[in-house]
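Taking it in order: structure first as structure tokens, then the write-up.
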Amino acid sequence: MPYFAYKGRNSRGELVQGVIENSDSGAVADQLLNTGVAPIDIKLTGTPAVAGAQGLYQRLFPPTIEIEDRMLFSRQMYTLLKSGVPILRALSGLRESSSNPTMIRVLGDIRESLDAGRELSVAMRKHPQIFDSFYVSMVRVGEMTGRLDEIFLRLFEHIEFEKDIKERIKQAIRYPIIVMAAMLIAIILVNLFVIPAFAKLFAGFKAELPIFTRMLMASSNFMLKYWPVLAGGAVFGYFGARAYVGTQKGRYNWDRIKLRIPVAGKIVEKAMLARFSRSFAMALRSGVPVVQAMSVVAMVTDNAFIAQRIEQMRDGVERGESVLRTAVTTGVFTPVVLQMVAVGEETGALDQLLQDVAEMYEREIDYDLKNLSSQIEPILIVFLGVLVLILALGVFLPIWDLGQAALANR
């Protein structure tokens with residue numbers, strides 16, 4: 001078939017262009033409209049433009065697939081399949097309209113696998129960095145039930161929810177991290193520049209200094225003398241901690257510590273449980289067996305500690321125990337959630353009740369985020385007050401003593 005070069009505008013009004021292989025310009029226009037692109041110009045071209053042409057930098061460092069790319073892909077696949085577009089043609093259209101070279105390569109590989117007779121879920125499994133086990137399992141269920149379009153819509157909603165939760169978690173921890181970092185920088189600057197200047201002034205007094213002043217001067221002298229060692233230790237500690245967290249045991253311990261951080265830890269825990277509840281409900285609603293659903297949902301929580309608790313639930317269900325009994329033994333669910341799970345098992349509406357649990361956690365997260373500043377500010381103010389008090393006593397007490405002595409000698 002001939003190749004056609006096209007120009008058009010997507011749903012956001014942005015100009016897109018590329019090359020599509022099809023029978024005629026009318027078919028190209030239909031294909032573009034099905035992918036949400038309004039064609040402006042379509043011309044026959046003798047040789048196809050290389051859609052994946054990349055510079056040296058892009059070949060060495062290909063762009064990653066962001067969560068927005070997977071979300072957009074899921075939504076477009078739902079729209080195309082719902083409209084009756086064949087899956088091969090849908091993948092071809094998405095590949096031609098994509099602006100991400102990595103996504104273009106992945107979609108081309110998936111289409112080649114489908115041409116070779118493989119199933120879509122099998123083709124996606126070859127790219128775990130883009131399509132995780134949960135995504136592939138859901139696509140597999142869609143293939144088995146003939147509801148692939150509906151599955152892609154649910155995946156779009158699930159990824160959109162994931163994105164929202166991650167942004168909320170970042171928002172929850174951003175404020176305390178910035179404040180603590182500012183305090184640390186202030187302490188370093190005071191020790192390196194402010195206290196040495198006062199130390200030179202106090203050295204000329206030839207008098208005994210207060211204990212706070214001696215402590216500050218000793219801390220400053222230590223930092224001035226050993227700052228290369230301290231800086232090297234900080235760098236080594238940072239990369240060492242990252243390497244440790246990269247191990248299975250380190251990831252588990254760090255994820256458990258995150259849940260115990262004052263104030264922010266509760267928000268992170270609720271976010272993880274909301275992701276579990278929504279994902280589990282979605283899997284059950286799509287027809288995935290309970291044991292298999294727990295296996296794939298454990299990978300979605302993005303927390304090794306919570307994932308281990310979910311795997312314990314799965315092992316209990318495999319032994320014939322109820323979901324409620326296994327949920328109680330994990331110790332991570334509130335009594336209200338356990339009651340809803342009990343009602344869901346009793347009535348056969350566990351998926352709907354888990355959806356309600358997820359929404360309940362989301363409302364609690366919204367409330368906690370709105371009150372996060374008011375909970376953290378007193379702690380930070382006390383910490384900052386203690387720091388300022390120590391500095392004030394250490395710097396101004398000698399000056400005060402000298403002033404008192406000067407007045408007494410008049």
Side-chain angles (χ1 to χ4, degrees), residues 57-67 128-129 132 165-200 211-269 271-272 298-299 301-309 372 376-377 379-391 394-395:
Y57 179 83
Q58 287 185 329
R59 289 197 298 269
L60 294 176
F61 305 100
T64 57
I65 302 296
E66 303 293 341
I67 191 170
Q129 73 280 7
D132 55 26
I165 285 293
K166 288 180 179 179
E167 289 178 351
R168 290 183 182 185
I169 293 175
K170 290 179 181 178
Q171 181 182 351
I173 63 177
R174 185 182 297 123
Y175 176 71
I177 288 176
I178 291 176
V179 174
M180 294 303 294
M183 288 184 178
L184 179 61
I185 293 172
I187 291 173
I188 294 173
L189 292 177
V190 166
N191 277 281
L192 293 180
F193 301 104
V194 179
I195 295 178
F198 279 97
K200 292 178 182 179
I211 182 65
F212 284 110
T213 306
R214 295 200 300 270
M215 289 171 56
L216 287 176
M217 292 177 64
S219 171
S220 177
N221 290 333
F222 179 80
M223 186 171 289
L224 284 170
K225 187 175 182 179
Y226 296 104
W227 72 264
V229 177
L230 294 174
V235 173
F236 177 79
Y238 171 75
F239 287 104
R242 288 194 61 177
Y244 176 70
V245 172
T247 63
Q248 184 175 358
K249 181 179 179 181
R251 173 69 183 277
Y252 176 85
N253 290 332
W254 170 236
D255 285 344
R256 182 174 59 179
I257 291 172
K258 282 193 296 186
L259 301 177
R260 297 179 179 177
I261 298 175
V263 183
K266 282 293 181 184
I267 299 177
V268 174
E269 182 180 9
M272 296 299 103
M299 305 175 187
T301 58
D302 197 27
N303 186 290
F305 180 77
I306 297 293
Q308 187 190 62
R309 295 296 185 270
L372 180 64
I376 292 179
E377 280 176 0
I379 301 173
L380 298 179
I381 289 173
V382 170
F383 183 80
L384 184 60
V386 172
L387 178 63
V388 172
L389 179 63
I390 293 174
L391 290 174
V395 172

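The figures here come from the full heavy-atom set of this structure, side chains too, leaving out hydrogens, waters and symmetry mates. As the structure is a computational prediction, the values presented were derived from the model and not from experiment.
Here Leu224 contributes atom CG and Met217 contributes atom CE; the two are 11.0 Å apart, rounded to the nearest 0.5 Å. Lys266 NZ to Leu259 CG: the interatomic distance, rounded to the nearest 0.5 Å, is 9.0 Å. Put simply, CG on Leu384 and CG on Leu389 are 11.0 Å apart, with the number rounded to the nearest 0.5 Å. Taking CE of Met272 as the start and CG of Asn303 as the end, the distance is 6.0 Å to the nearest 0.5 Å.
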Anything under 3.5 Å between a donor and an acceptor, one on a side chain of residues 231-247, the other on a protein residue two or more places apart or in another chain? List them.
unit_1	atom_1	unit_2	atom_2	d
Tyr238	OH	Arg242	NH1	3.4
Tyr244	OH	Asn253	ND2	2.8
Thr247	OG1	Tyr244	O	2.5
Thr247	OG1	Gly250	N	3.1

Solution key, residues 182-199 side-chain donor-acceptor pairs under 3.5 Å, sequence neighbours excluded:
unit_1	atom_1	unit_2	atom_2	d
Asn191	OD1	Ser219	OG	3.0
Asn191	OD1	Ser220	N	3.4
Asn191	ND2	Ile187	O	2.8

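In this structure, Gln129 places its CD atom where more than 12 heavy-atom neighbours from other residues, nucleotides or ligands lie under 6.0 Å away.
Taking Asp132 as the reference, nothing meets the side-chain hydrogen bond (donor to acceptor under 3.5 Å, both in side chains) condition, with sequence neighbours excluded. By the side-chain contact (heavy atoms from CB on, under 4.5 Å) test, Leu230 is found to be paired with Phe222, Met223, residues two or more places apart in sequence or in another chain being considered. Tyr252 is linked by a ring-ring contact (aromatic ring centres under 6.0 Å, His included) to Phe305, counting only residues two or more places apart in sequence or in another chain. Checked against salt bridge (charged side-chain N to carboxylate O under 4.0 Å, His left out), Arg260 has no partners two or more places apart in sequence or in another chain. Every side-chain hydrogen bond (donor to acceptor under 3.5 Å, both in side chains) that Lys258 has, sequence neighbours left out, goes to Asp255. The ring-ring contact (aromatic ring centres under 6.0 Å, His included) test applied to Phe383 returns no partner, not counting sequence neighbours.
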